[in-house]
Amino acid sequence: MLPMQPHRQWPAQGGARVPYWIYTDADLYAREQERIFCGPSWNYVALEAELPNAGDFKRTFVGDRSVVIARDTDGSVHAFENRCAHRGVQFCQAQLGNNKEFMCPYHQWTYNLRGDLIGVPFRRGLKAQGGMPSDFELKQNGLRKLKVACRHGVVFASFANEVEPFEDYLTPPLLELFDRVFDGRELKVLGYSRQLTPANWKLMFENIKDPYHATLLHVFLISFGLNRADQPQRLVIDQTGRHAAGMSWRGDQKRTEDNAEMRSLIEDLRLNDPTMLAPVKEFEHYTICLMTVWPNLIVQQQSNTLAMRQLITRGPGAFELAWTFFGYVSDDEEMTKRRLRQANLMGPAGFVSIDDSEVMAFTQRGIEAAPDASGIIEMDGRGWKAEELHAITESEIRAFYDYYRKVMEL
Amino acid sequence: MEALATSNTVALRIALEDLYARYTGCLDDERFEEWPDFFTDPCLYKIIPRINFERNLPLATWLCESRGYLRDRVQAIRKTSVFGPRYLRRFVSGIRVVGQTSDAIEVHANYAAYETLPDAFTRVFNVGQYRDLIALGNGDMKFREKVCVFDSELVPNSLIYPL
């Protein structure tokens, strides 16, 4: 690891500032890959519903690294790096499929559904010529494996053996909110959506961890009362600062003293076809809950639309957001229709999420040319606490960078 | 128009070429308020990634089920969405009739949409296939269904204008 450039110092104001070089610096990006994505973190990789049968697999990413998630014949789920142990070939190219084993096309080295090496052609040579050395052991030359944790149908993977159990990692207050959507009911995948946003991956997390913007930027959200600061709010942050959740309740579409500063609220905005937005109460307490799980997952429950948003890094200046929309196997036809209609709010063409992906691109463009400048994160103070009951705060962002700086030693 | 579909192939091809030229012209010129008029009411307009389409996964990136829904998308473009300026230009080719019923024809065509952002070269934004059901009646053709199945599954940031 190269030393950081000497002028790359975090500003003296600490958590109240975020320096712009953290969104552009290539050395820092390499260090993030090593310490965060390949470090002791649980990365979201799949829903078990994507791999219902033995041999089912999914190709995905942990940070920059391509990984394969596969279900073995005994039902267990395994994760291994998509890089042949022999010469480094990314042997799996299909996004989803079913295999009895994985064979690298180059020299046909073969792996089982757990990532163990089970075959090397001409290992003993041909007609007593060639072959691998006699002490070459298959079991010592398998694929790089990741640890796997499954919680109520959601699959996480870690490159680090020393990572704590998933339940301890998420901590009880966040686990309770996680289990609210993943309560053990069997999940049903409704489909995928992918977009490449020209912005650093951390801006996506900051966006979700920023309830202050939601009540100003999103005309659609605000005007239809889906989430607005004058409605009840609750934010929960784990003790390390790395995970968080923001909850709210749907309110009315009306101008009041409390939302007078929200210039974007359009009181007479109406849908020509209200069936698009006809949610039913489904979960206890909140009508919206957005959870961020370090280092690559956003769990979205907005009314009846449910999705995993997986962050995949694509260099310092871009990230992919891979959306997996889902419901429950027990949903009736009407509920499935509702989820599909409300999915119009989210994704690359979302009535709400377009604003975010566009603003993140504007942000990256603004900061790229000014790495030594920094952003002001002082709304609601300069520190953070485990719970807030209002939205006019940037405490979740400060908490995130508190933890980030520890991991990155910045 | 029924007679047109069954008995006059040259006239039908000209009518379809004209329909798609008017449709893409309307969108390329950003005359979005006129866009819903190309559809019946109710209708089905979907932009769906090819992986979902081929795996029978119902999720669409963009779903409209009526002219009202289409108008709501136009309202978002005009009034509520925050996005940077861009041009989108659409090209349609390989228009072919693949089936017909008593009052509609099923048409497939390839499309490509090119996006031009300020400070950047024009790029291929979205490529796919239109799978359309065109209602014939009252002397005109309207889309009862327009399903845009797109190959370009990794969307370059945001999909704001219709395809």
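Within every chain, numbering begins at 1; the chains are lettered A, B, ... in the order of the sequence lines, protein sequences first and strands thereafter. Side chains included, hydrogens not; waters and symmetry mates left out as well; all remaining heavy atoms used.
Ranking Val219(A), Asp273(A), Thr197(A) against chain B, the residue ahead of the rest is Asp273(A), based on heavy-atom pairs under 4.5 Å. Note: Arg341(A) leads His218(A), Lys188(A), Arg341(A) in heavy-atom pairs under 4.5 Å with chain B.
Residues of residues 344-351 of chain A that come within less than 4.5 angstrom of chain B, heavy atom to heavy atom, are Asn344(A), Pro348(A), Ala349(A), Phe351(A) in numerical order. Listed in order of number, the residues of residues 40-64 of chain B that approach chain A to under 4.5 Å between heavy atoms are Pro49(B), Ile51(B), Asn52(B), Arg55(B), Leu57(B), Pro58(B), Leu59(B), Thr61(B), Trp62(B), Leu63(B). Below 4.5 Å, heavy atoms of chain A meet no heavy atom from residues 121-131 of chain B.
Inter-residue side-chain proximity for Glu153(B) and Gln95(A) is flagged as met; some heavy-atom pair is nearer than 4.5 Å.
Closest non-hydrogen pair, Phe362(A) versus Phe83(B), comes out as CZ-C, 4.0 Å. Heavy-atom minimum distance, Lys79(B) versus Leu269(A): CD-CD1, 4.1 Å. The minimum heavy-atom distance linking Leu217(A) with Val82(B) is given by the pair CD1-CG2, 3.7 Å.
No more than 12 heavy atoms of other residues, nucleotides or ligands sit less than 6.0 Å from atom CD of Glu333(A). In the displayed structure, Glu186(A) atom CD is contacted under 6.0 Å by at most 12 heavy atoms of other residues, nucleotides or ligands. Within 6.0 Å of OH in Tyr212(A) there are 12 or fewer heavy atoms belonging to other residues, nucleotides or ligands. Within a 6.0 Å sphere centred on CZ of Phe91(B), other residues, nucleotides and ligands contribute more than 12 heavy atoms.
In terms of modelled atom types and a separation under 3.5 Å, the side chain of Gln195(A) and the main chain of Val155(B) share no donor-acceptor contact. Remark: the backbone N or O of Arg67(B) is not paired with any side-chain donor or acceptor of Asn272(A) at under 3.5 angstrom.
Legend: residues meeting side-chain hydrogen bond (donor to acceptor under 3.5 Å, both in side chains) with Gln302(A), ordered by chain and number and at least two apart, are absent.
Neither the backbone nor the side chain of Leu221(A) comes within contact range of chain B; no heavy atoms are under 4.5 Å apart. Contact of Thr275(A) with chain B is made through backbone and side chain together, with heavy-atom distances under 4.5 Å. Only the side chain of Gln75(B) comes within less than 4.5 Å of a heavy atom of chain A; its backbone N, CA, C and O stay farther away. Proximity to chain B is absent for every atom of Arg339(A), based on heavy atoms less than 4.5 angstrom apart.
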### Task
Dump the intermediate steps for side chain to side chain contact (heavy atoms under 4.5 Å, CB included) on Asn157(B) and Leu196(A), then the final yes or no.
CA-CA 5 Å; Asn157(B) 210 23; Leu196(A) 190 82; over 6 Å; no

#### Entry: Stepwise side chain to side chain contact (heavy atoms under 4.5 Å, CB included) test for Glu358(A) and Ile160(B)
CA-CA 10 Å; Glu358(A) 288 288 300; Ile160(B) 291 161; 4.1 Å; yes

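To the nearest 0.5 Å, atoms CZ (Arg194(A)) and OG (Ser152(B)) are separated by 11.0 Å.
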